[in-house]
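I have placed the structure first, in the form of structure tokens, so that the comments after it can refer back to it.
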Amino acid sequence: DAMVIQNPRYQVTQFGKPVTLSCSQTLNHNVMYWYQQKSSQAPKLLFHYYDKDFNNEADTPDNFQSRRPNTSFCFLDIRSPGLGDAAMYLCATSRDPPGMGRETQYFGPGTRLLVL
Amino acid sequence: DAKTTQPPSMDCAEGRAANLPCNHSTISGNEYVYWYRQIHSQGPQYIIHGLKNNETNEMASLIITEDRKSSTLILPHATLRDTAVYYCIVRVASTRGSQGNLIFGKGTKLSVKP
């Protein structure tokens, strides 16, 4: 059974047109993360929510925003996608917040974003 | 920046043990060693983690040297489905700032061949 669900698996948007990627989880985990993974590169953390607390990475562009309306759902909003934002976007969850050093993160299958 | 060094690629014959090395010479006493893997076009998958002692689970074994400066992930009987990029990640147990985040390095691309 899928635990971290990302829809759609592939998303096409136009340059400058806002786009929202979705993530849901059935694990009832406290923490949800968004990573960006460009082609042939390692995943890079954009931000995470610990419950309702939003934690942005220092080098995440302002163009990227996130919302977490409830425990199960988290959204990634890209306000004005550029060609450089084409990537795989990965959602992950963990029961405990990052920094405890022991928690396991569970990843979804990712949404591949194409910007035309 | 990632605190680990891994070979960029390795090959392994199907059915044989795959031994993936990782160097983390600057590891601190409160840092864990984590291993994740990413099969093509999928999200990363947790494999195993450890602090000082060797660890084993249903997927793999983790051998950490006594000085903790390096470790080896062992897949005892590699199958074609184990072909993936394997990431060795060192992360601190701290709630301050981003210290506990997963920081992925380049990883090792393991190819299991028939």
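Chain letters run A, B, ... following the sequence lines, proteins first and then strands; every chain starts at 1.
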As an exercise, state the distance from OG1 of A/Thr104 to CD1 of B/Ile47, rounded to the nearest 0.5 Å.
11.5 Å
Rounded to the nearest 0.5 Å, how far apart are CZ of B/Phe104 and CD of A/Gln37?
8.0 Å
For A/Arg68, does the CZ atom have more than 12 heavy-atom neighbours from other residues, nucleotides or ligands under 6.0 Å away?
yes
May I ask you to check whether over 12 heavy atoms, not counting those of B/Arg16, lie within 6.0 Å of atom CZ?
no
Group every Ile, Leu, Val, Met, Phe, Trp and Tyr by side-chain heavy-atom contacts under 4.5 Å, then state whether B/Leu75 and B/Met10 land in the same group.
yes
What residue, out of B/Gln38, B/Gln42, B/Gln45, has the most heavy-atom pairs lying under 4.5 Å from chain A?
B/Gln38
Report yes or no: does B/Tyr87 contribute a side-chain atom to a donor-acceptor pair with the main-chain N or O of A/Ala42 at less than 3.5 Å?
no
Search all heavy atoms of A/Tyr35 against all heavy atoms of B/Leu102 and return the closest pair with its distance.
OH-CB, 3.6 Å
Looking at A/Asn70, I want to see if its CG is surrounded by more than 12 non-hydrogen atoms of other residues, nucleotides or ligands under 6.0 Å.
yes
Would you say A/Val19 and A/Phe47 are hydrophobically clustered, going by side-chain heavy atoms of ILVMFWY under 4.5 Å?
yes
If I compare all heavy atoms of A/Leu90 with all of B/Pro44, which pair ends up nearest, and what's the gap?
CD1-CD, 3.8 Å
A/Gln41 versus chain B, the contacting section by heavy-atom distance below 4.5 Å:
backbone
Co-membership, hydrophobic cluster, residues B/Tyr34 and B/Val85, 4.5 Å side-chain:
yes
